[in-house]
Every structure is written in structure tokens, then in C-alpha cells.
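Okay, so here's the structure we're looking at.
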There are 2 protein chains.
Amino acid sequence: MYAEPACESTLSMPTPSRWPVVPIEPAVREAAPRPAPRCSACSLRPACMPPDLTSSELQQLDTVVLTTRNVRRGETLFRAHDPFQSLYAVRTGSFKTIVMHRDGREQVTGFQIPGEPLGLDGVCSGTHSCDAIALEDSTVCIIPFVQLETFCRESRRMQRHLYQLMSGEIVRESSLMMLLGTMTAEQRLAAFLLDLAARFQKRGYSGAHFNLKMSREEIGCFLGMKLETVSRMFSRFQREGLVEPNGKQIRIVDLEGLARV
Amino acid sequence: MYAEPACESTLSMPTPSRWPVVPIEPAVREAAPRPAPRCSACSLRPACMPPDLTSSELQQLDTVVLTTRNVRRGETLFRAHDPFQSLYAVRTGSFKTIVMHRDGREQVTGFQIPGEPLGLDGVCSGTHSCDAIALEDSTVCIIPFVQLETFCRESRRMQRHLYQLMSGEIVRESSLMMLLGTMTAEQRLAAFLLDLAARFQKRGYSGAHFNLKMSREEIGCFLGMKLETVSRMFSRFQREGLVEPNGKQIRIVDLEGLARV
DNA sequence: CGGTTAGTTGAGAAAGCTCAACAGATGTGG
DNA sequence: CCACATCTGTTGAGCTTTCTCAACTAACCG
């Protein structure tokens, strides 16, 4: 999400569909799984898979991850209560995950950018517990869970990787709880921008200048505050010379200052 | 924690230590691992392990979980930055897990009662990311992670169980984020008491009458509010006839009312 | 080029925090 | 076993942060 890095644009180029029978029309192409460019050749593999797979493991991985799926902006990849079949890895674009209370209140529990996993919530009950919604036109790789389990019984590296992925999600959520439980609105937004900057940097994009794909309301819903407060905090950061916000374009001017907030 | 159920008291009876060499003295006995009563015979197994293990799987489980450890009230089972070696299952007593910010602010991320897991945060980086502190004198089973991984490659049931355990933790934390992000202080305390009641009921204790082992401050630190606010909310619930709090003794009078808050 | 949505800003209201006093419970040493 | 010190919990008063409601502007879309 956020940035539009030229270097990834090839990933979002439409691939000819080999989905059986179904005629290739926009409405269909959008929902239809399609052959995945192979993991073994994927530029996102370092972000997504263990670094040290052998070539035979890579080969087997290619037989597990066979398809991708396109999700248009605003559409759901899965919803709460959907049966859980597969994990997903964001390939292009970006998503938000939300949990909904019965009374309609919703909480954004995360934003996912390319290379990041989706669907881990579904393992425990066999049913998804949140909605995953595309923030822009996006693509995901589909990882059928039963096949992945089999693979993990045969490959220690892959087994360990999946455990680490899930544990990482647990740790990420703990620090989010810390954010929601102990920080002021100002500190939350600063922490959010710093986290974003770090994730971009890690992927080789600029950590200082990016493009938010989510609205002020979605940021607020993630950080536990109202959109007006988000907006005020952006203005405050601008006044203090920490950040140069221009709508969804964000330029971080003073990284250390932001960290000190 | 909370309740002192007579039915579990046998679990906390001291077992003769066979820890090699070390003389049996209080200071030592408290820290020393000791032989675990076997999983195959454990009354907590339904809460802790998959329900459908074969007898050969049970036998193998007994070779993985060989020891327990006692932790005195206020002491840590592990700390953030400790190397990760093992998962733990609470056997008797109760724990809190906390994440600490560099500036000293801390957030309680969970309370664990018998049958619940500890240490899943350590898998992702090989280092624990939180402190686990005993709320009362407690015992845990020690589950060496490398052996568990081996077991999971051999047993689908166990493999699936560990995935479910971790995913369950992810889902639990999401709903906590929802709580912290969208609810009022009153709603948070109500949700907390209801969650507690449900967990007790599930273990066969009274869901309507229990004994909190954590302080008002710890509750506040978990729910993202100050201890004074926790205390005021307890008083409010009492005035409204929902809960009969008597210090740490809690009696839930009107479960539906509490759910409606 | 209207109509709609997203973002900014202000003013007043409300929830929760801080500080402070006090009461009960708990623990400790004489 | 009591007296004293220390924690833990409760309650009140005033203050701060954030929310709510409202007006307005800019950007986007058909």
C-alpha cells in the first residue's frame, strides 16, 4: 500500500487466465484464481518465505502455491465466519483486516503490504474471525492450508517458518495492545508512521516519503481514535516540522523527532 | 488464578524432587525443574492438548514433557530478551504477561490460568518479547520446543493443535485490540469479567463467583485504564446490581445485564 | 460541472486522568 | 500477639485529552 514503487509494477500486470471453462471477462477475471508466477522465481520470496530453502524445497513450494487471486479495491478477500481453507500472501496492493462487534463497531487490526500474510486467524476454529478488505486493486497468492501442513511435516525449515510467522503476528499484536493501552493520540500516530516507514525501508522503498492508501478514518479506527483527532495530530506534526503531510502523500522530515514524541 | 478450586489441589501437592545433585532446600526447590506427572494422566489434558491423541501419541507426549517448574508469586518464568527454549503450560496458579516500553510504561497483555499456554511469543525471534510473572505461587509444565517440533512432524494431530494454539492467541489478541480501541472503561471491565467467567465455567468452576488474583492496578494495565477508574467501575456495577465485589472476591449477580453494558 | 466524499478546523461536552485524602487489609519486628 | 508501617482499594474534586457536532474546503467521480 502507501507507495507506488515502480519496481513492483510488473507484478500487477494481468496474466492470461487459465481458469477452466469460465470465459475471460472483467467481472469473472477479477474473482477467478489464476496461475501464480512461481514462488521459486518471485521477487517477494525473501519477505514471504524462509531464506534458506533448498532447491527441492523450492520445487515443492511451487506445487503448493499454485494460484493467485485479484481483489478489487473495497472488496473482501474473506469475511468473518467464512470457512478457512487457505492462507494468503499479499502480492500487490494492500489490505486492511477488521474485526466487527455485533453492535457494528469495528476495529482495524492491521494493514498488510506486499509480502505479508493474511488469514492466520482462521486456523484456530476453521473459520475466519475477521474481514480482509483490499485498500486498492490487489493480488494475493493462495496457499491451501492442508497442502502447506503436509509440506511442513516434510520440511523443517518450512515448519519453523510457519511457526515464526504466527508467533510474529502474536508479537505484533502485543505491541499494538501496548500502543492502544498506554499511549496518547500523538504518540500513537507517531508510532504508526515509524512502523510504516520501517516496513517500507525493509522492502527497499523510501521510508521517508510514501503514499497512504487508507483514509484518516481507517487510521483512526486502527489507532483507537476518531478521524478528527488523526487529522489534528497530522497538523500538529506539520506545525512542529516533523512530517510534511499532503493529503495521502506523507513525507517524514524529522525521524528522530517523531521517535521522541 | 481467581478461584481456589478444591478439585485441583492435588496438582499443587509437592512431588519428591529427583533433580540431580542439588540438595532439596526451599530456595532451590522453587527454581528447580522437577519430574512432571505425565500428560497422559493429567486432569488438565483436555484444556491443554488435542482431544483425540492415540495412545502411542500420548506415550510420545510423555517423553516430550518431562519436567515442571515452580514459580513463586511475583517471580518471573521468563523475561523479555531471554533466549527462547520452551513453551510452558500453566499447571497450577496463574500468571500475567507484560510488554514493557523503554520509557518504563508497561502493558499487561494477558492473564493465564491452568491449562493455558505461555511463551508462544518467543518462537518468532528465538527471544521472548514479554515477561511472564506469577500472580501467586504457581507451577508450569516445560515443553522443550525442539522436541515439540519433532513430535509435530510425526503427528498431524499435534501439528494441527500447535497451529490452532497460536492462531487462537492471534484471535484473542485481536479481540483485545477491539476492546482497547473501541470500548468505554465500563464496557471493558464488563467484557473482562465476562471473559473470566466463561474461562472458569469452561474448566468446571463457578463462573458466577471467583477470586481475582490480580490487583486493580494490573486489571487497569490490562484494560488500558487507571486503577482508580477500575475501582470506580466496580463501584458502579455494584450500585447497578450487576456485580457484588468484595475486594478480590467477585460475585456476578446479573450476567445478562453485564453483557448489555 | 454539480454532487459526493475526504480532510481540516473550531467550540463545547464528556470521559477518564491526576492528585489527594482516607480506610481496610496485610505484613513485620519487637 | 500487638503496634506500626506498608500496600491496596475507594472516593472526591478539578483538570486534560479526546470526542462530538458543525461548518467549511478540497479532491474526486460520473
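Chain identifiers are assigned alphabetically (A, B, ...) following the order of the sequence lines, protein sequences preceding nucleic acid strands; residue numbering begins at 1 within each chain. The shown structure was predicted, so the numbers you read here are calculated from the model rather than taken from an experiment.
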*asked:* Nearest heavy atom decides the nucleotide; on that basis, is A/S215 or B/E186 closer to the 5' end of DNA chain C?
replied: A/S215
_C/dG10 base / A/R232 side chain donor-acceptor hit below 3.5 Å_ = yes
*Between C/dG7 (P) and A/M233 (CE): distance, integer Å*: 17 Å
*How long is the line joining CD of A/Q238 and P of C/dT9, in whole Å?*
8 Å
_d(CG, B/L227; C1', C/dG16) in whole Å_ = 13 Å
*Roughly how many Å is it from NZ in A/K248 to C1' in C/dT5, rounded to a whole number?*
10 Å
*asked:* If I take atom CG in residue A/L180 and atom C1' in nucleotide D/dT17, what distance separates them, rounded to the nearest angstrom?
replied: 16 Å
*Map A/K226 and A/N246 onto DNA chain D by nearest heavy atom, then report which one ends up closer to the 5' terminus.*
A/K226
*Any idea which of C/dC17, D/dT10, C/dT9 is nearest the A/E228 side chain?*
C/dT9
*Would you indicate which nucleotide in C/dG7, D/dG9, D/dT18 comes nearest to any side-chain atom of B/S231?*
D/dG9
*Write down the distance between CG (A/L135) and C1' (C/dA6), rounded to a whole number of angstrom.*
15 Å
*Could you label the plane-to-plane angle of the B/F78 and B/Y88 rings as parallel, tilted or perpendicular, counting under 30° as parallel and over 60° as perpendicular?*
parallel
*Expressed in angstrom and rounded to an integer, what is the separation of B/E217 atom CD from C/dA25 atom P?*
20 Å
*I would like to know whether A/F222 and A/F111 meet ring-ring contact (aromatic ring centres under 6.0 Å, His included); could you show each step before the answer?*
CA-CA 9 Å; A/F222 179 59; A/F111 297 111; 5.0 Å; yes
*asked:* Below the 4.0 Å mark, does C/dC17 have OP1 or OP2 next to a side-chain nitrogen or oxygen of B/T229?
replied: yes
